[in-house]
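Below, chains carry the letters A, B, ... as their sequence lines are ordered, and counting in each starts from 1.
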Amino acid sequence: MVAETKSEVGEASKPKRRVQGNAVVSVLAKQGILIAFALFMLGFALFSERFLSADNVMTVLRQSAIIGVMAVGVTVVVIGGNLDLSVGSMLSFSTVMVVDLHDKLGPELAIPVMLLATLCIGAVNGTLVGFLRLNSLIVTLGMLSAIQGLTLIYSGGQNVDIANQQGTWFAIFGRGQMLGIASPIVIFLGLAVLMHIVMAYTPFGRRVYAVGGNPTAATFSGIRRSRTVFLTYVISALCVGIAAIILGSRVMGSQNNVGQGYELQVLATVILGGTSLLGGSGNVLKTVIGVLILGFIQNGLLLLGYAYYVQWIVTWIVIILAVWLDVAAKRGRLLSPIA
Amino acid sequence: MQTLKTWLIRNPIWGFVVLIFVFFSFANPYFFDLQNFQNILVQTSTIGLIALGMTLVMINGNIDLSVGATVALAASLAIDIQGWEAFANWGNWAILPGVIAGLMSGVILGAVNGLIVWKTGVDAFIVTLGAMLGVRGLVFAYTEEQSFFAMNFAYSDFGASSVAGLPTLAVLFLLFALGTHLLLSGTVHGRNTYAVGGNREAAVNAGIRVGPHMLINFMLVGFFAALAGITLSTQMGAATPNLGREYELWTITAVVLGGTKLTGGSGTIIGTFGGVLAIGILRNGMNLMQVPAFYVLVILGTILIAVLFLDKQLTRGGKEELRT
Amino acid sequence: MSDQTPALRLDNIVKTFPGVRALDGVSFEVMPGECHALLGENGAGKSTLMKVIAGMYQPDSGRLYIEEKETVLPSPLAAKSKGVVLIHQELSLAEEMTAAENIFLGELPTKSFGRVDWKTLFARAGAILKKLNCDFGPEVKVSRLSIAKKQMVEIARALTVDAKAVIFDEPTASLTDAEKVVLFDIINDLKAQGVGIVYISHRMDEIFTISDRISVLRDGAYRGTLETAETNEDEVTQLMIGRSLDYSRNTLHHDLGGVTLDVRGLSCGKLYQDVSFKVRAGEVVGFYGLVGAGRTEIAETLFGLRTPSAGEILLDGESVTVSSPADAIERGISLVPESRKEQGLVLGMSCRDNITLPQIGDLTTGPFVSNGSEVAIYDIYRDRLEIKAPSWRSMVGNLSGGNQQKIVIGKWLAMKPKLLIVDEPTRGIDVGSKSEIHNLIRELARSGYAVIVISSEMPEVLHVSDRIVAMYQGRVMREFTSDEVTEDTLVQAISGIRAQEAA
Amino acid sequence: QDDTMTIGITQNNVGVDSYQTTYEQAFENAAAELDNVDTIVLDAGGDVARQIAQIQDLIQQQVDAIIIWPTNGQAVVPAVRQAKQAGIPVVITNSNIAEEGFDFIASFSGPDNITQGSRSAEIMCDRFKEQGIETEAQIVQISGQPGYTTALERAKGFEDRLPEVCPEVTLVETQPGDWNREKSQRVMESFLTKYDDIDGVYAGDDNMGVGALNAAKAAGRAEDITFVGATNFAVGYEAMGRGEYWGSIYQSPVDDAEAALQTAIDVLNGAEVPFLNYFDTPKITQENMEEFDKPVF
Ligand SMILES: Nc1ncnc2c1ncn2[C@@H]1O[C@H](COP(=O)(O)OP(=O)(O)OP(=O)(O)O)[C@@H](O)[C@H]1O
Ligand SMILES: Nc1ncnc2c1ncn2[C@@H]1O[C@H](COP(=O)(O)OP(=O)(O)OP(=O)(O)O)[C@@H](O)[C@H]1O
Ligand SMILES: [Mg+2]
Ligand SMILES: [Mg+2]
């Protein structure tokens, strides 16, 4: 007894029944974070006529560059399934070092020496998390504290300053221009594009996504997981080094705690950009949007003249709204299905 | 002996606690002293209370980064409100509305966090990261940057008081730790905490209402953070808007040291208690040994990592293990 | 049967996912006291249909009746309270909790103040586990159990409620034969109590043992229902995939090449001891044994995931130390691992990215991954293994279980290895694709590869292997050629009865 | 009482800026020169709770005197009271504790931050008068980290004094710079976008002042702006020398530290010490800077 029923699809329909038509809509809808960005840019523009002036936009971009450069590195670490909370104190360390060495060795030596030292710290992080498989949150929290101490020991707790601020070519990174645009912006966007290409189009990038998505399966696929994780931390450290050059050049000096609290700001921008803390997904270019959102919120609220605490409260709300919009767009409904 | 060994392997942090305890006892003449132990207990009680709630939230697979700000808000409310005109002739009872308001603020903030996590599905990390900033903003908005001072010395006397020879704050912490331990290990809510964190889908399928469940735990951590803020303010007789900065990081560190997994599903109060004590003893011991400030940072950081490393060595499966 | 009211009836259920119409107007019913088998290719929509019944998914349209009363099931809890229980295809347990807690999850017995009544809990869970012939207690942590035992815990859940309908979604995928027998007893018990059973499996022998009726789904649509007693495997297969299959034993002998793999006295601590065997180019060697016999561990050692404590591995006559999977891959070894979710796939990545993952470093033009060669590889194995996915961009996590397994196999076939090891290659795969995979394995061998097949399914081992290695508790008991092996001698060997004793 | 005395100090947050670090070194150097003084130097890292724990730990060790650089003037009062009850004299340094605690301390030694704020206002006002813009000048303020006593007191001193000396100068906006030069630079950049006319910047310390100066220089508007800070740092001193930065308050951490130590020793020796032991923090501007040495920090 065989009861046949209707079947709209032919026998040989190999590619599955696809719901056609709203492809464009669904692609757009997935970009919740872009929509959020556009929405609140519009909001600020309505309230402050200076907000969208070329000058101000450039200022925000310039200011965001330091956080942005670090966020690019941290995005890679997070995609690889780990956290890096040590970037803030590493930034302090690297900036203090490059500024201090500037006068002692000259910028042409100070930069490579500082980068080397920073990469060493990144390598320590990478060894602990990658090769020894220690929990990245605690390792980098520990490193946050240890590097802070190292910085203070290095500088003796004193501020460092560049004596000859006018004459040094070191100024180019923070204060100069490249291609007619303020150099921090060029460095930031250039690095973001470069890292995006690395992550999206090279075998290394693919391996990072795989390791972050499922470390065991990645190992079973012949990926050297420890090495991959190690490299993500080295990349993160390199980005911190670059950020330190921009910062040192912009300020022409450094305190021992310049980077304090940056780790969480950086992480916020990475998450705003839609990178999942679970690892295995994320996008460097979207991190740039996350950076810009945070940068423009802070600037916009300042332009509106709100007291700092009002700015904090509004930032709280905006961050949650932006991420909500993003996840809601991805799942196609506003409220979460959690019962 | 055998049970002690398996117990230690399951709670390696306690091995470490014993280790540093012995070390400091020999290294410093002031360390091994009843009064000093009481100091340590009181000093750890703040982070400790928060860690109790944090353990629940983290076993759930969530996290709460806003606890530090909650500490400040609850402390400020408790102290400011007890000084209001309205309660001027309540005598020592004036403390009560302040404390209740402080605790309520924690519970409400926890509820706000929990509700957002539940309803929007945004990751708890980002929800509470936002709240960490926003609640601090609320604190500054409320206090207008001022510190508050408790006019009534009964308030700070409470912080310095003892029951049965033990500091009240330490007793309070121990009692709440015991209560939370019982909650987690012996009640349906506690067991569901493991289920929700261990396998959310399984929990949903089993008919556990995951949303309200997480909400309750967020309210609990809010409550504990507020309570910690209040006990801390009784030690100072004052509240400052910057109170509790970076406490979230130290709390999470203590909880993870105690063996709770960030991914959720496992952890114990016994472990958390060990983690909290480890940090407290380290800080106290290093103060007594006059380790210079810069080196304290390096040592503390290094030890955190070392503990993690030892833990890994202890729980490793041996040579036959799968190398992934 | 039709004079009774169905325990459960579905009418014209439609369910779509983004890009996929998973259920396309399916109607289906289960009578009380009946075991109704549901069959279909991988991705046909079986699990989706069951999740609709269990309240986990809401259908886009269509109606659901429990004892002819129209019902809406907004949540799994609602379904459970109406007496509908689903045993999941994928394990769904909280690892750090005890077996008892997992069995009674969501309805732990309580005392005052919301305290758990451990005594009652353990007593009740213990009774159920005993009924299932489980050799572990209710207070053991689930994380310490083997997959098979976890599966039994999952099954135990069905027995906690007064069910009207119980759905088993591929319950035997990781069970041994002995456990299977227990399960079937339980199912017969339930039937006797008038419970309606839905039984999903890709194993024909089981379906013909246990079911009363068989319904077939195809591409999300209902294809028909057969009385088990009045049909045969061939008819069912026809309905499912539109053609017949060959279930014969392997007799295809062909010329063998040199010895590719020579394992001498290999041991790994307590996991297995003194294992020796050879695999020649062009040969398929089957490893058969019970769960825990140590077959997987040998494979993992060969793939560089474990360090042997003694013994020697010779590859093409050369003694080698395989230090990591990357190393193994370089030497031309591939391993299709046992657990696709944990070891085989990055669920968040696309189908294409998963398939090309092991060779991503070689698929480059300049420093960049070449999209063209990647898609080309994907296309080859999609066609060859009949992988059903909306496109190469689809997330592997959204594929049906069987299609996921095909992705893993495709990934390792694409490496064109010298030595291919497949561990439970057809777990959860439909009969059509299974036979396709068997053919592929044969074909690979014929073209000169050495292949090791680890399987717990006797027909599979018998069908593909030229030689069979029988293992028991970490030791090789006996080797058979495909000519001399009989089911009886094989069963004896894997139960620890040595050939000579048996003789 | 044996002849060596042990003095414990808990500082606010060493390493957060050079002032505190230099203070610490000066304190240790001064103590090292005295044979009969042992010191225990602790740092609260800006956290009141930790500071209280440190005070308790010092009481536990039965030191002879405790010097406290309060992280918060009110929150340490009960801990100070405990010290008093334990019979240990307490000297407060750098920034004072709340009046409620005066009963429990032996002395306060340090600068007067409120006066510093007023003096900065005077420097700013005098400069505007010289320029003849005291009737229309607009200024912005970049304050220290919110919630810290020093930041609060300087801002208060400045805001209270300014309308007294220059009633027509408007303070258009205040934002915190968190004692951080980079943060201050960012804040100033936004101010420059927002306001076309800024005549003066008051910064809670020179570190932030120089940050603001950096921003203004980058925008090409530094010439028109009078920068006034506090706690004259070396960078501020140099900028003053270049004629870019107008004025500040000269405050020596070495004096600060030595005064605190001396006060504690005097207290222990039973000598008479003034209860509020302010040391002088004079105005420094481009005009009189030769009278001062360049700060070492
Ligand atoms: N959550 C989901 N999102 C998107 N597509 C899904 C989802 N779940 C299932 N699908 C798709 O629906 C179809 C039916 O899947 P289902 O799991 O029901 O198959 P199945 O018959 O159980 O197959 P198998 O025998 O392999 O388990 C598949 O094409 C699958 O890719
Ligand atoms: N005696 C045992 N008790 C509990 N768990 C066991 C036992 N032996 C093995 N296991 C677990 O069962 C799982 C499967 O065992 P193993 O991989 O050794 O067997 P196998 O021969 O590969 O069997 P299969 O491939 O059929 O699963 C492993 O996770 C292993 O740790
Ligand atoms: Mg299925
Ligand atoms: Mg196996």
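With a 4.5 Å cut-off on non-hydrogen atoms, C:F104 does not touch chain B at all. Within the 4.5 angstrom heavy-atom criterion, only backbone atoms of C:S323 (N, CA, C, O) approach chain B.
Summarising the geometry of B:N199 relative to C:L93, their closest heavy-atom pair is ND2-O, 2.8 Å, with the distance given to 0.1 Å. Looking at every heavy atom in both residues, B:V204 comes nearest to C:P76 through O-CG, 3.7 Å. Across every non-hydrogen atom of B:G265 and C:E96, the tightest pair is O-CB, 3.2 Å. In terms of heavy atoms, B:A195 sits closest to C:L105 at CB-CD1, 3.5 Å. C:V116 approaches B:V188 most closely through the heavy-atom pair CG2-N, 3.5 Å.
To the nearest 0.5 Å, atoms CG (C:L121) and CZ (B:R191) are separated by 9.5 Å. Between atom CZ of residue C:R115 and atom OG of residue B:S185 there is a gap of 11.5 Å, rounded to the nearest 0.5 Å.
Each of B:A202, B:S266, B:G198 has some count of heavy-atom pairs under 4.5 Å with chain C, and the biggest count is that of B:A202. In terms of heavy-atom pairs under 4.5 angstrom with chain B, the leader among C:E101, C:E300, C:E107, C:E95 is C:E101. Most heavy-atom pairs under 4.5 Å with chain B: of the set C:R157, C:H88, C:K111, this distinction falls to C:H88.
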Could you walk me through whether B:N205 and C:K80 pass the side-chain contact (heavy atoms from CB on, under 4.5 Å) test, one step at a time? CA-CA 9 Å; B:N205 293 341; C:K80 216 169 171 183; over 6 Å; no
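Heavy-atom contacts from other residues, nucleotides or ligands closer than 6.0 Å to CD of B:E201 number 12 or fewer. Within a 6.0 Å radius of CE in B:M104, no more than 12 heavy atoms belonging to other residues, nucleotides or ligands are found.
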